[in-house]
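Worksheet: the structure to be examined is printed underneath.
In what follows, every chain begins at residue 1, and chains take the letters A, B, ... in the order their sequences are listed.
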There are 2 protein chains.
Amino acid sequence: MEYYGSIEAGGTKFVCAVADEDLQIVERISLPTTLPEETLAQVFAFFDAYQLKALGVGSFGPIDVNRQSSTYGYITSTPKLGWKNVDFLGALKKRYDIPIAWTTDVNAAAYGEMHLGAGKNTQSCIYLTVGTGVGGGAVVNGDVLQGFSHPEMGHISVARHPDDTLESTCPYHSHCLEGLAAGPALEKRTGVKGQLLEGTHDVWAIEAFYLAQALMNYTLILSPEKIILGGGVMKQQHLFPKIRESLVKQLGGYVELPDLEEYIVGCDLGDNSGTMGCLLLAKEQESLK
Amino acid sequence: MEYYGSIEAGGTKFVCAVADEDLQIVERISLPTTLPEETLAQVFAFFDAYQLKALGVGSFGPIDVNRQSSTYGYITSTPKLGWKNVDFLGALKKRYDIPIAWTTDVNAAAYGEMHLGAGKNTQSCIYLTVGTGVGGGAVVNGDVLQGFSHPEMGHISVARHPDDTLESTCPYHSHCLEGLAAGPALEKRTGVKGQLLEGTHDVWAIEAFYLAQALMNYTLILSPEKIILGGGVMKQQHLFPKIRESLVKQLGGYVELPDLEEYIVGCDLGDNSGTMGCLLLAKEQESLK
């Protein structure tokens, strides 16, 4: 029997899975992300036990998704030790002579959620993960969003909250979303890790303000049918109504939004968004063969 | 002989054109936008002289582009006298029983430029017009960008320039791009109309800062292969290098950009971007029949 394979390659762990024709997962493992040779050896050991017909990869980035580029398939400028300028897709293609889909981890998650999760019955969505960093992927007209490169929507510029003087935690930007609203910013503001903060803490108003501002800009630029929020920070469920409320306030009635309870939602697939997206992309890639 | 028709419906004028199979324009007129019945009567009088096989419409907005909506094809919440909640597409369909493509004026311009102008040989681009207002459209993976609605990227939130205290000219937002960088903001800052301002005026640094910030956010969210700038304000050619320079500074090296001279460019089709886009969309719509 032939299987579809999935690699959700994160900066801290790799989740690999194989699934049958109906995308039912047969086996799934999680590996720590160490050095490329070491991690890839474990990835190969896992997949070598199966006859694969296609593979889908959703990788941490930045990655090169431009098919015209000489470094297509590479992880490019990551600070992650050993992974800079690694020909990830090339290594996989060398090992497995099968169709391989290649995109970012968050694009894969957006694709998975759109087809099988919170975005079912839509043709477009954004998936934003808010945790140690902020990353976003999107699907537009049914296809993963890529252009000259892939989205990096966690680093958009945001206007500061009038009461906020925090120095951005982003080494690149003095006022980007990630630098002012990811986990490290929450901890820097309060001295407490985000997951341990009470829902009543004042800091959540500032957090909601930044996330809502970003969602407003995503909405005005992409007009997605659904915005799906995941990641560690979004485990704080009380953030959802705060974000919706702040979005309405900041937008000032300029655009008529869909029902906000339906528009800004959590993940349906939990930790499986990326894996299911990779499997779907693998299946699609195979059908293009 | 049968023709393709184009309506570029703007808030101040309507440009109507008919073209042959090769999209060579046969006749073209410009009408002032007055009241709907009056303007539409002139539009009908123009097209009635031709046998049309399809029509493409790029309209000022906001418009309803959601096919599931009961007001699909309407101009919705415009302040333009008489045009609020007008069933524009419905009126056209009643008159002409042919395929009609329906999108925003700026989406049509983006589509025209991508196929025949500055975006040739790409599959994605943004078209931004900076004039009395700021409006943007986009093409992604070859298709016009629409989701629950259409882009309204002129109203994204921007962080203020440290030296800027101007009260936003946008009635909805205290710090959106249009409110701080459209023609009226330029005039409010200087007391002089934008087109009369010298290229050496200090105000252009602020103008370039805001436009570059917006382009940075569009880039991080959409990753288009090309950004095409048009409209009255962009007739000031010296703005292009200023915007490119400010973009590089604000992005802080986080993402590797395409060659900026190729990435941020003016229109190739001049005043014809929208018309050519509408004709292309008409032809495409006909082929879907």
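Heavy-atom neighbours of chain A within the stretch residues 205-221 of chain B, taken at a separation under 4.5 angstrom, comprise Gln213(B), Met216(B), Asn217(B), Tyr218(B), Thr219(B), Leu220(B), Ile221(B). Heavy-atom proximity under 4.5 angstrom to chain A picks out Gln250(B), Leu251(B), Gly252(B), Gly253(B) from residues 246-253 of chain B. Near-neighbour residues of residues 222-229 of chain B relative to chain A, defined by a heavy atom under 4.5 Å from a heavy atom of that chain, comprise Leu222(B), Ser223(B), Pro224(B), Glu225(B).
For CG of Asn121(A), the number of neighbouring non-hydrogen atoms (other residues, nucleotides, ligands) closer than 6.0 Å is 12 at most. Other residues, nucleotides and ligands contribute more than 12 heavy atoms inside 6.0 Å of the NZ atom of Lys188(B). Leu81(B) CG: 12 or fewer foreign heavy atoms inside a 6.0 Å radius.
A 4.5 Å side-chain heavy-atom check between Asn141(A) and Val140(B) finds every atom pair outside the cut-off. Within the 4.5 Å cutoff, the side chain of Val255(A) has no heavy atoms near those of the Tyr172(B) side chain.
Residue pairs meeting the salt bridge (Lys or Arg N to Asp or Glu O under 4.0 Å) criterion with at least one partner in residues 135-162 of chain A, sequence neighbours excluded, are Arg160(A)-Asp164(A).
Gly147(B) and Ser124(A) make their closest contact through CA-OG, 3.9 Å (heavy atoms, listed as atom of the first residue, atom of the second, distance).
Highest contact tally toward chain B, considering only Ser149(A), Gly137(A), Ala138(A), is held by Ser149(A) [criterion: heavy-atom pairs under 4.5 Å]. When each of His175(B), His155(B), Met153(B), Glu256(B) is checked for heavy-atom pairs under 4.5 Å with chain A, His155(B) comes out on top.
We find the SG-OH distance between Cys170(A) and Tyr254(B) to be 7.5 Å, quoted to the nearest 0.5 Å. For the atom pair Glu262(A) CD and Phe148(B) CZ, the distance stands at 14.0 Å (nearest 0.5 Å).
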